[in-house]
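Structure below; questions to follow.
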Amino acid sequence: MIEARHLRVLRAVASTGSFSAAGRELGCTQPAVSQQMKALESSVGTPLLVRTGREMRLTQAGEALVRHAVGIIAGLTAAEEEVAAIAGLRAGRVRLVSFPSGSSTLVPTALAALRAAHPGTRVFLEEAEPPNSVELLREGDCDVALAFRYEGAAGAEEWDDLVVRPLLTDRLVALVPDGHRLARTEGSVAIGELARESWIAGCPRCRGQLVEVCEGAGFSPRIDFATDDYPAVVGLVGAGLGVAVLPQLAVESVRPRGVRTVALEPTVRREIVALTLPDLAQVPAVAATLDELARAGARQSAAR
């Protein structure tokens, strides 16, 4: 019989590449990892790992078992959490992954409300941009992932296997220095009017969207600076070193000084969502987290 604890060890060994590294990740010793791997191989009746010197790789059977382990562990976690809630434990744990501008706007409001309503529920937050955050969810390394996708972008089916909870619709806005010729413009500005400007680009996915929008308007942006740090983007624009296009949520996550936001044409929007696995959506703590994130998104939209 295959035990869940052995599957967790196998997945750790597969992701880290060694018994010692897996032990560090799991908080146990290297001999304990080796012993559990031997027990698992004995249970399934076939080798799962090939050891050649210091290198370790999965056999075909090992690859198959790791592939199934993610769903099995997620299902067991869902069962354990739901049974605990039914039994009146009134406790839960949620591992949340969010992109930075979501972490500083939607997440604090949601988690404060969650703590007030369910003080026994603990939430652990890490940051990652999609698609990395989505992969962490699929690999069983988090329970809820905040992600976004741009309207009309290819790959709309990439979340078909997940539970998708819409939070809000975010639009791209231009950032220009306070003394810029377009800083006091009322209404929207065609992005082509910024064709001759120096550009400051944001995160890789937003950078790709910027290039795509500019090329659609008939020009390629001259990107002089690129940074994943939104305050740095705002600071560079405020210093007069160029212009930028950022999601409105990213602008709201910092205190923009020395810059003005300008509405853009064509309008470019991105859908911000919370994602989880179907099994995990039934876990009370996860469901409550999704509910509070949705309420935070509604409040953010209403405040605009």
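Note that these values count all heavy atoms, side chains included, but never hydrogens, waters or copies made by symmetry. All values derive from a computational prediction rather than experimental measurement.
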V245 reachable from F219 in the ILVMFWY side-chain graph, under 4.5 Å edges: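 Both belong to a single hydrophobic cluster.
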Between S101 and S253: side-chain donor-acceptor atoms closer than 3.5 Å: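 No.
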Single-linkage hydrophobic cluster, 4.5 Å side-chain cutoff, V254 and L106 together: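 Per the 4.5 Å side-chain linkage, V254 and L106 are not co-clustered.
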Enclosure of E135 CD (heavy-atom neighbours >12, cutoff 6.0 Å):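 Atom CD in E135 is crowded, with more than 12 foreign heavy atoms closer than 6.0 Å.
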Rounded distance (nearest 0.5 Å) linking atom CG of L136 with atom SG of C142: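 The CG atom of L136 sits 5.5 Å away from the SG atom of C142.
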Same cluster (ILVMFWY, side-chain, under 4.5 Å), V259 and V243: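 In one cluster: no.
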Nearest heavy-atom neighbours spanning V70 and G140: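 Looking at all heavy atoms of both residues, the shortest contact is CG1-N, 3.9 Å.
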Where V163 and A281 come nearest, the two heavy atoms and their spacing: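 Nearest pair, atom of V163 first, then A281: CG2-CB, 3.9 Å.
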Side chains of E252 and Q300, donor plus acceptor under 3.5 Å: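 E252 vs Q300: donor-acceptor pair found between side chains.
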side-chain contact (heavy atoms from CB on, under 4.5 Å) evaluation trace for L114 with R122: CA-CA 9 Å; L114 183 68; R122 299 181 64 193; over 6 Å; no
Distance (rounded to the nearest 0.5 Å) between C214 SG and Q209 CD: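 The CD atom of Q209 is 10.0 Å from SG of C214, to the nearest 0.5 Å.
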L65 vs I2 side-chain heavy atoms within contact, under 4.5 Å: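 Heavy-atom side-chain distance check passes, below 4.5 Å.
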Minimal non-hydrogen separation, T46 against A61, with atom names: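 That closest heavy-atom pairing would be CG2-CB, 3.8 Å.
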Any donor-acceptor pair under 3.5 Å from T227 side chain to V233 backbone: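 Not a single qualifying donor-acceptor pair exists.
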Closest non-hydrogen atom pair, L275 against A147: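 Closest approach of L275 to A147: CD1-CB, 3.9 Å.
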Flag, side chain of T289 to backbone of A285, donor-acceptor distance under 3.5 Å: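 Checked: pair present.
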Within-4.5 Å side-chain heavy-atom neighbours: V66 and L58: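 Yes, close enough: below the 4.5 Å cut-off.
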H118 (side chain) donor-acceptor with G120 (main chain) under 3.5 angstrom: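 No; zero donor-acceptor contacts below 3.5 Å.
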Shortest non-hydrogen contact between A274 and V144, atoms and distance: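 A274 and V144 have their closest heavy atoms at CB-CG1, 4.2 Å.
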Same apolar cluster (I L V M F W Y, side chains within < 4.5 Å links), V189/L175: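 Cluster IDs for V189 and L175 differ.
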Distance, nearest 0.5 Å, that separates CD1 of I191 from CD of E197: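 With rounding to 0.5 Å, CD1 (I191) is 11.5 Å from CD (E197).
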Salt bridge flag under 4.0 Å for residues D178 and R257: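 Looking at D178 and R257, the cut-off is not met.
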Between T169 and R269, a side-chain donor and acceptor under 3.5 Å: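 No pair is found: no donor N or O on one side chain lies under 3.5 Å from an acceptor on the other.
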Min side-chain heavy-atom separation L182-E193 under 4.5 Å: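 SC-SC contact between L182 and E193 confirmed.
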Heavy-atom closest contact (L48 atom, E41 atom, distance):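 Taking every non-hydrogen atom into account, N-OE2, 2.9 Å.
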Close side-chain approach of L249 and F99, heavy atoms under 4.5 Å: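 L249 reaches F99 side chain to side chain.
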Spacing of R184 atom CZ and R260 atom CZ [to the nearest 0.5 Å]: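 The CZ atom of R184 sits 3.5 Å away from the CZ atom of R260.
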From CA spacing to verdict: side-chain contact (heavy atoms from CB on, under 4.5 Å), L162, V134: CA-CA 9 Å; L162 304 174; V134 182; 3.8 Å; yes
Derivation and outcome, side-chain contact (heavy atoms from CB on, under 4.5 Å), residues F148 and D170: CA-CA 9 Å; F148 60 84; D170 201 23; over 6 Å; no
R295 with E292: basic N within carboxylate O range, under 4.0 Å: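 The answer is yes: the pair qualifies as a salt bridge.
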Working for side-chain contact (heavy atoms from CB on, under 4.5 Å), residues L146 and R165: CA-CA 9 Å; L146 259 64; R165 188 73 174 268; over 6 Å; no
Separation of L10 CG from H68 NE2 (nearest 0.5 Å):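 Answer rounded to 0.5 Å: 12.0 Å.
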Side-chain heavy-atom pair Y230, V251 within 4.5 angstrom cut-off: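 Side chain of Y230 against side chain of V251, heavy atoms only: no contact under 4.5 Å found.
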Main-chain N/O of Q30 paired to S34 side chain as donor or acceptor, under 3.5 Å: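 No; judged by distance alone, with no hydrogens or angles, the pair does not exist.
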Side chains of V283 and T77 in contact at under 4.5 Å (non-hydrogen atoms):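 With C-beta onward as the side chain, the pair stays apart.
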Of S103, S104, S133, the residue whose pairing with E127 passes side-chain hydrogen bond (donor to acceptor under 3.5 Å, both in side chains):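 When side-chain hydrogen bond (donor to acceptor under 3.5 Å, both in side chains) is applied between E127 and each of S103, S104, S133, only S103 qualifies.
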salt_bridge(E25, R8) N-O dist < 4.0 Å: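 The answer is no: the pair does not qualify as a salt bridge.
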Side chain proximity check, L241 to D224, heavy atoms < 4.5 angstrom: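 Result no, sub-4.5 Å side-chain heavy-atom pair not found.
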Close side-chain approach of V211 to S220, heavy-atom, < 4.5 Å: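 No, too far: nothing below the 4.5 Å cut-off.
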Donor-acceptor under 3.5 Å (R207 side chain, I223 main chain):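 Not confirmed, R207 side chain does not pair with I223 backbone.
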Lys NZ or Arg CZ of R95 over F124 ring: under 6.0 Å, within 45°: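 Verdict for F124: no cation-pi partner in R95.
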Same cluster (ILVMFWY, side-chain, under 4.5 Å), Y150 and L167: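 Cluster IDs for Y150 and L167 match.
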From OG (S18) to CE (M56), nearest 0.5 Å: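 Spacing of OG (S18) from CE (M56) equals 6.5 Å.
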E215, CD: over 12 other non-hydrogen atoms inside 6.0 angstrom: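 Check passes, neighbour count above 12.
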Crowding at CZ, R181 (>12 non-hydrogen neighbours, <6.0 Å):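 More than 12 heavy atoms, drawn from other residues, nucleotides or ligands, come within 6.0 Å of this atom.
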